[in-house]
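See below for the structure under consideration.
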Amino acid sequence: MTNDSNIVIVGGGVAAVRCAQGLRENGHEGRLTLLTEESEHPYDRPPLSKDMLRTENPREPTWLLGPDTAAELAVDVRIQHQGIGVDVDNRTVSVAERSAPIGYDSLIVATGTRARRLPALDGIAGVHYLRTAADARSIRGLLRPGVALTIVGGGFIGLEVAATARAHGCEVTVVEATEHPLELPLGTQLATWLQQWHADNGVHFRCGVAVKRATRWAGQVVVALDDGSELSSDAVIVGVGVHRDVNWLADSGVQTHIGLVCDAEGRTNVEGIFGAGDVVCTHEGSTCSPVQHWTAASESGQRVARTVLGLEPEESLDEHYFWSNQGALRLMSVGGLTPDSQLEVVSGDLESGKFVAHWSENDRVVGVLGANSPKDFLKGRLAFRKGLTTSSGPTPRG
């Protein structure tokens with residue numbers, strides 16, 4: 001790869017932006033084009049379910065690569081450019097509703113994820129998903145006292161929206177297919193505590209049930225559950241996970257699975273094509289590990305920039321770090337529970353909502369969760385890092 005080569009990045013999230021910045025920081029002087037299907041410059045997504053929806057001084061999303069910064073870095077940002085195909089022989093990307101394909105010497109796919117849709121809710125007015133700034137603006141318009149909301153999915157997005165909606169005075173019911181929200185990543189004890197925390201703040205839960213169908217009746221969305229009951233509300237917000245759209249790469253010969261299959265440094269099986277961020281899944285034997293969470297996507301973009309330029313990778317620790325603001329509750333986590341790990345609350349207590357808990361296995365900390373305890377969480381994070389340096393680390397979640 002020469003410093004004056006033509007590099008195209010498809011995607012507008014944090015991985016795409018960090019990759020563009022990393023390319024310039026590491027000496028790339030050639031043409032650099034970033035294609036995003038959205039109608040605005042790349043922005044930060046975590047605030048969509050947090051700052052954009054809050055009761056006081058809601059904020060518009062912060063640009064990750066605004067026009068001025070893009071000009072300074074000589075990045076040609078093209079909005080409303082959705083990649084729909086790749087010709088690997090001619091090294092071009094086809095773009096929806098554009099007549100001419102875009103040529104590349106190296107192509108980086110960093111398209112992230114899309115909100116998973118529920119077929120049972122398709123075509124029903126009043127059903128909302130949260131993945132873009134436009135989605136957040138639409139949902140923000142719903143949040144006012146007395147509005148009844150059904151939130152389908154008790155994951156991080158669902159609970160963040162639930163807490164914010166309660167702060168606006170909405171009546172909120174969360175429908176969750178498992179017995180407790182976030183039971184898979186947190187385990188039963190912490191998931192039970194989290195559900196009770198939200199219940200104490202006025203959120204109603206229907207757990208262990210799934211959506212069968214929905215109808216629109218008398219200005220309300222009526223959701224039928226598989227236990228025979230129904231919920232009627234002014235609107236429905238769905239947060240049931242994400243999927244990685246790789247269908248547009250089907251004819252390229254690039255290997256895909258639940259995402260774009262790459263090695264640890266972002267290389268695909270096709271020369272000149274790389275992957276970064278949430279769209280990627282890495283394979284080790286029979287284990288598929290998707291990239292997930294904001295920090296992992298950011299680090300992936302920076303790492304892939306070095307790979308594209310032929311530079312040696314920098315050392316890094318994969319901590320699986322994430323944070324979640326759920327009203328007055330701020331959660332921070334690294335690592336996670338494993339099949340044989342044991343949970344221990346090492347500071348504070350669950351009742352107060354201010355604590356740090358460790359998951360440990362064979363005298364090694366494999367995961368840490370902090371609730372409203374940033375200082376003690378940092379201590380736990382250091383203990384977790386010490387464990388990473390002496391082992392292969394915890395089993396990735398996802």
key: From CA spacing to verdict: side chain to side chain donor-acceptor pair (under 3.5 Å), Q342, S360   = CA-CA 5 Å; Q342 299 295 317; S360 299; over 6 Å; no
ask   = Can S289 and E284 be said to form a side chain to side chain donor-acceptor pair (under 3.5 Å), step by step?
value = CA-CA 8 Å; S289 301; E284 185 175 342; over 6 Å; no
message = Between F377 and W323, is the ring-ring contact (aromatic ring centres under 6.0 Å, His included) condition met? List the steps.
response = CA-CA 11 Å; F377 173 75; W323 76 95; over 10 Å; no
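Atom CZ of R78 sits in a crowded spot, with more than 12 heavy atoms from other residues, nucleotides or ligands closer than 6.0 Å. Around the CG atom of N362, the shell of radius 6.0 Å holds no more than 12 heavy atoms that belong to other residues, nucleotides or ligands. Heavy-atom neighbours of D226 CG from other residues, nucleotides or ligands within 6.0 Å: above the threshold of 12.
With a 4.5 Å cut-off on side-chain heavy atoms, T178 and C207 do not count as touching. Under the 4.5 Å side-chain criterion, counting only non-hydrogen atoms from C-beta, D135 is not in contact with L48. No side-chain heavy atom of L225 sits under 4.5 Å from any side-chain heavy atom of K212. Using a 4.5 Å heavy-atom threshold, the side chains of D76 and L34 count as separate. At least one side-chain heavy atom of F355 sits less than 4.5 Å from a side-chain heavy atom of V345. Annotation: side chain of Q220 is in contact with side chain of D234 (closest heavy-atom distance under 4.5 Å).
When all heavy atoms of L260 and G275 are compared, the closest pair comes out as CD2-CA, 3.7 Å. Among all heavy-atom pairs drawn from G277 and S300, the shortest one is N-OG, 2.9 Å. Taking every heavy atom of both residues into account, Q80 and R98 meet most closely at O-NH2, 3.0 Å. A pairwise comparison of heavy atoms in A276 and V304 identifies CB-CG2, 3.9 Å as the closest pair. Between G259 and V246 the shortest heavy-atom distance is C-CG1, 3.9 Å.
Rounding to the nearest 0.5 angstrom, the gap separating the CG atom in L190 from the OG atom in S333 is 9.5 Å. A distance of 12.5 Å separates CG of L194 from CD of Q189, quoted to the nearest 0.5 Å. Taking CG of L65 as the reference point, atom CZ of R18 lies at 9.5 Å (rounded to 0.5 Å). Taken to the nearest 0.5 Å, the OG atom of S39 stands 13.5 Å off from the NE2 atom of H81. Note that CD1 of I108 is 4.5 Å distant from CD1 of I9, once rounded to the nearest 0.5 Å.
When only modelled atom types and interatomic distance are considered, N90 and T92 share no side-chain donor-acceptor pair under 3.5 Å. R330 and S373 are not linked by any side-chain donor-acceptor pair at a separation below 3.5 angstrom, with hydrogens and angles left out of the test. Of the N and O atoms on the side chains of D376 and S347, at least one donor lies less than 3.5 Å from an acceptor on the other residue.
Of the listed residues (R244, H243, R131), just one forms a side-chain hydrogen bond (donor to acceptor under 3.5 Å, both in side chains) with T113, and that residue is R131. Results of the side-chain contact (heavy atoms from CB on, under 4.5 Å) test with H358 over L343, V365, V366 single out V365 as the only residue that passes.
With a 6.0 Å cutoff to the six-membered ring centre and a 45° limit on the axis angle, R117 counts as a cation-pi contact of Y129. Under a cutoff of 6.0 Å and an axis angle of 45°, R31 and Y104 do not form a cation-pi pair.
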List, one per line, each side-chain donor-acceptor pair under 3.5 Å for residues 139-158, sequence neighbours excluded.
| residue | atom | partner | partner atom | Å |
| --- | --- | --- | --- | --- |
| R140 | NH1 | M52 | O | 3.2 |
| R140 | NH2 | E60 | OE2 | 3.2 |
| R144 | NH1 | G141 | O | 3.1 |
| T150 | OG1 | S233 | OG | 3.0 |

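Connection of V261 to F274 is not established within any shared hydrophobic cluster, with ILVMFWY side chains joined at heavy-atom distances below 4.5 Å, either directly or through further cluster members. Both L35 and W248 are assigned to one and the same hydrophobic cluster, defined by single-linkage of ILVMFWY side chains at heavy-atom distances under 4.5 Å.
Aromatic ring centres of W359 and F384 lie farther apart than the 6.0 Å criterion allows.
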